[in-house]
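What follows is a set of notes on a single structure, which appears directly below.
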Amino acid sequence: MNARIGCLLAAAALAAGWVGFGGRGIVLALTAIAFWLLLQFGRAMRVMRRAAHAPLGHVPSAVMLHARLRRGMTMLELVSITGSLGEAAASERPSSAYCWRDAGGSALRVSFARDRVSTWAIEHADET
């Protein structure tokens, strides 16, 4: 979710709590906001725990990953799809591009701009 939308929803919950129930409504809204943040944190930890036990930069199929990518994905969404952390690729800015490889030798390089997927390219293994 976009951070701005999340902040607007939290503010709306606080306002609705105040209008509806006064101080008790604010406590209820704060409880709901804290619960939502804990759910998001738990999701991130579950994805990272799964990725920690997988080989670095390895996916079952780079071509299938290429088909599932879309512009604007976050790193957390990409790691949950791949199941592993990507290898840092050589680039101008550190940690702005990552690479995933499959057993067949194909590789997918994903570049990030403003912490979101911006471009990607697949490199197929040479079949000689």
Side-chain angles (χ1 to χ4, degrees):
M1 176 189 306
N2 190 346
R4 290 183 183 144
I5 293 172
C7 289
L8 287 174
L9 287 174
L14 288 170
W18 175 257
V19 169
F21 301 102
R24 290 181 180 169
I26 288 184
V27 171
L28 177 65
L30 287 174
T31 303
I33 292 167
F35 180 68
W36 177 256
L37 291 173
L38 285 172
L39 285 175
Q40 296 305 309
F41 182 75
R43 177 179 173 250
M45 290 298 104
R46 190 169 42 256
V47 168
M48 289 302 162
R49 189 177 308 119
R50 193 177 100 203
H53 297 294
L56 184 67
H58 180 76
V59 290
S61 173
V63 176
M64 293 302 292
L65 175 58
H66 181 265
R68 293 183 69 184
L69 281 178
R70 64 183 190 281
R71 189 177 309 272
M73 291 177 76
T74 63
M75 177 62 97
L76 185 63
E77 291 172 324
L78 185 58
V79 170
S80 69
I81 289 173
T82 62
S84 70
L85 298 171
E87 289 183 271
S91 66
E92 303 81 35
R93 194 182 91 181
S95 71
S96 65
Y98 295 92
C99 186
W100 283 268
R101 299 184 188 284
D102 62 9
S106 296
L108 181 70
R109 181 181 173 166
V110 181
S111 298
F112 290 84
R114 296 188 191 112
D115 300 327
R116 304 251 177 200
V117 172
S118 60
T119 60
W120 59 90
I122 191 162
E123 301 165 4
H124 294 286
D126 292 333
E127 296 181 18
T128 54

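- Considering CG of Leu14 and CG of Leu9, their distance stands at 11.0 Å, rounded to 0.5 Å.
- Panel note: side chain Ser118, backbone Ser111; a donor-acceptor pair is recorded below 3.5 Å.
- The number of heavy-atom neighbours closer than 6.0 Å to CE of Met64, taken from other residues, nucleotides and ligands shown, is 12 or below.
- Considering CE of Met75 and CG of Leu85, their distance stands at 7.5 Å, rounded to 0.5 Å.
- Proximity of a side-chain donor or acceptor of Ser106 to a complementary backbone N or O of Asp102 within less than 3.5 Å is not detected.
- The environment of Arg50 atom CZ is dense: over 12 non-hydrogen atoms of other residues, nucleotides or ligands sit within 6.0 angstrom.
- Side-chain heavy atoms closer than 4.5 Å link hydrophobic residues (I, L, V, M, F, W, Y) into clusters, and following such links, possibly through other members, connects Phe112 to Leu56.
- Contact annotation: the side chain of Phe41 never approaches that of Leu37 to less than 4.5 Å [non-hydrogen atoms, C-beta and beyond].
- Note that CD of Glu123 and CZ of Arg101 are 7.0 Å apart. Values are rounded to the nearest 0.5 Å.
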message = Could you go through Val110 and Trp100, starting from their C-alpha distance and side-chain angles, then the distance that decides it, and tell me whether this counts as side chain to side chain contact (heavy atoms under 4.5 Å, CB included)?
response = CA-CA 8 Å; Val110 181; Trp100 283 268; 3.9 Å; yes

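- Separating the CG atom in Leu28 from the CZ atom in Arg24 is a distance of 11.5 Å, to the nearest 0.5 Å.
- How far CZ of Arg109 is from NE2 of His66: 14.0 Å, rounded to the nearest 0.5 Å.
- To the nearest 0.5 angstrom, Asp115 atom CG is 9.5 Å from Thr74 atom OG1.
- Following chains of ILVMFWY side-chain contacts shorter than 4.5 Å, one can reach Ile33 starting from Trp18, so the two form part of one hydrophobic cluster.
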